[in-house]
Enquirer: 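This structure is in structure tokens; I'll ask about it shortly.
Along the sequence shown, residues carry numbers from 1.
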Amino acid sequence: MANGLPERDDRIDLSVVGSLTAVKTDGALWYLVLCSPPDVRVMCVTYQSNGMETGDRIIVKGGYQRRDDDHVLLDPCLASRPAP
């Protein structure tokens, strides 16, 4: 992912498994962040936190948007905990 994906007009879905490094809300949306520098940071924009907290291992799946060399946005996005 270091070089991103080519620009396309169709939707690309991406799934990522990792530990949450941040969980924030603006009152309407939740922002779940995975990975820390120097890795590419992935932000999942969703409607519920489902009780997820920093440090939890989760799976995020959503519409891929590359914001810059260091940030990927998944919007819309679904987040869940991996099966045991």
Enquirer: Over all heavy atoms of both residues, which pair between Thr21 and Cys35 is shortest? Give the atoms and the distance, please.
Expert: OG1-O, 3.3 Å

Enquirer: Report yes if the side chains of Leu34 and Val60 come closer than 4.5 Å at any heavy-atom pair, otherwise no.
Expert: yes

Enquirer: Among pairs that include at least one residue of residues 40-84, which meet disulfide bond (SG atoms under 2.5 Å apart), considering only residues two or more places apart or in two chains?
Expert: Cys44-Cys77

Enquirer: Is any side-chain heavy atom of Trp30 closer than 4.5 Å to one of Val45?
Expert: no

Enquirer: Heavy-atom distance under 4.5 Å between the side chains of Val72 and Leu14, does that happen here?
Expert: yes

Enquirer: What are the two closest non-hydrogen atoms of Arg57 and Pro82, and how far apart are they?
Expert: O-CD, 3.1 Å

Enquirer: Check whether any side-chain heavy atom of Leu20 sits under 4.5 Å from a side-chain heavy atom of Ile58, and report yes or no.
Expert: yes

Enquirer: For Arg11 versus Gly62, what's the shortest heavy-atom pair and its separation?
Expert: NH2-C, 4.0 Å

Enquirer: State which residues pass salt bridge (Lys or Arg N to Asp or Glu O under 4.0 Å) with Asp70; sequence neighbours excluded, sorted by chain then number.
Expert: none

Enquirer: Any Lys/Arg nitrogen of Arg41 or Asp39 sitting under 4.0 Å from an Asp/Glu carboxylate oxygen of the other?
Expert: no

Enquirer: Do Asp56 and Arg81 meet the salt-bridge criterion of a basic N to acidic O distance under 4.0 Å?
Expert: yes

Enquirer: Quick one: pull up CD1 in Ile59 and CG in Leu78 and give me the separation to the nearest 0.5 Å.
Expert: 11.5 Å

Enquirer: Is there a path of hydrophobic side-chain contacts, each under 4.5 Å between heavy atoms of I, L, V, M, F, W or Y residues, that connects Val17 with Val33?
Expert: no

Enquirer: List in chain and number order the residues that pass side-chain contact (heavy atoms from CB on, under 4.5 Å) with Gln65, two or more places apart in sequence or in another chain; answer none if no residue qualifies.
Expert: Arg67, Leu73, Asp75

Enquirer: Can you get from Met43 to Met52 by hopping between Ile, Leu, Val, Met, Phe, Trp and Tyr side chains that sit under 4.5 Å apart?
Expert: no

Enquirer: Which heavy atom of Arg66 sits nearest a heavy atom of His71, and at what distance?
Expert: CD-O, 3.6 Å

Enquirer: Rounded at 0.5 Å granularity, tell me how far CD in Glu53 sits from CG in Leu32.
Expert: 11.5 Å

Enquirer: Looking at side-chain heavy atoms only, is the closest gap between Leu29 and Thr46 below 4.5 Å?
Expert: no

